[in-house]
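Here's the structure we're looking at; comments come further down.
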Amino acid sequence: MAQTFDKSASTRTAWLGWVYFAGIMMITVGFFQAISGLVALFDDGYYLVGSSGLVVSVDYTAWGFVHLILGIVAFAAGFAVMTGKTWGRTVGIILAVVSAVVNMAFIPAYPLWSILIIAMDVIIIYALAVHGREAAE
């Protein structure tokens, strides 16, 4: 009787947990970004400085839409990463880089929150760039 060999099972390692962790973190960061975007849209007085005190001096409504769109796309890409989609991993890395840059510019408005999101983005980039291939279909 011929034995079948499952090639995909041999390429998966314990680092696969990092990929699932990155997917969960992307969903979480997406949720956080969406909350930040909604706050910027509905209560711009919540932030520490006025929009003129930010690195990029734009109205909080514009920042709100940027954060909201980043959040929705990151949320969806997080689920794609969890199911092993290659496009999810690619989009996840790109979004994490964009999110880190956007939050770097947003630090004067909400320092602790922005630094927390940047730290999560770095972890996501590491997990997807180094170990993301293990979850591919």
Quiz item: Got a sec: does the OH of Y126 have more than 12 other heavy atoms crowding it under 6.0 Å?
Solution: yes
Quick check on the hydrophobic clustering: are [X] and [Y] connected, directly or via other members, by side-chain heavy-atom contacts under 4.5 Å?
X: F31; Y: L41; result: no
X: L16; Y: I24; result: yes
X: F65; Y: F75; result: no
X: I93; Y: V130; result: yes
X: M82; Y: V73; result: yes

Exercise. Begin from the C-alpha positions of L116 and L112 and carry the test side chain to side chain contact (heavy atoms under 4.5 Å, CB included) through to its verdict.
Key: CA-CA 6 Å; L116 176 69; L112 186 60; 5.7 Å; no
Please report the shortest heavy-atom distance between [X] and [Y], naming the atom on each side.
X: L70; Y: V98; value: CD2-CG1, 3.8 Å
X: D59; Y: T61; value: OD2-OG1, 2.9 Å
X: A127; Y: W18; value: CB-O, 3.4 Å
X: V19; Y: V81; value: O-CG1, 3.7 Å
X: M26; Y: A77; value: CE-CB, 3.4 Å

Quiz item: So, does T83 use its side chain to make a donor-acceptor pair with the main chain of A80 at under 3.5 Å?
Solution: yes
Exercise. Keeping the roles fixed (side chain from S36, backbone from F32), state whether a donor-acceptor pair exists under 3.5 Å.
Key: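 Looks like no, no N/O pair under 3.5 Å.
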Practice problem: Kindly indicate, with the supporting measurements, whether the criterion side chain to side chain contact (heavy atoms under 4.5 Å, CB included) is fulfilled by D121 and V97. | Solution: CA-CA 7 Å; D121 288 333; V97 169; over 6 Å; no
Spacing of [atom1] belonging to [X] relative to [atom2] belonging to [Y], to within rounding of 0.5 Å:
X: Q33; Y: I117; atom1: CD; atom2: CD1; answer: 5.5 Å
X: L95; Y: I125; atom1: CG; atom2: CD1; answer: 10.0 Å
X: Y60; Y: D43; atom1: OH; atom2: CG; answer: 11.0 Å

Quiz item: Do the ring planes of Y110 and W113 sit parallel (below 30°), tilted (30 to 60°) or perpendicular (above 60°)?
Solution: tilted
Exercise. Side-chain contact test, heavy atoms from C-beta onward, threshold under 4.5 Å: evaluate it for F21 versus I124 and give yes or no.
Key: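 When only atoms from C-beta onward are counted, I124 and F21 do not touch, as no gap falls below 4.5 Å.
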Practice problem: Go through the steps for H67 and N103 under the test side chain to side chain contact (heavy atoms under 4.5 Å, CB included), then give the verdict. | Solution: CA-CA 9 Å; H67 282 284; N103 279 288; 3.7 Å; yes
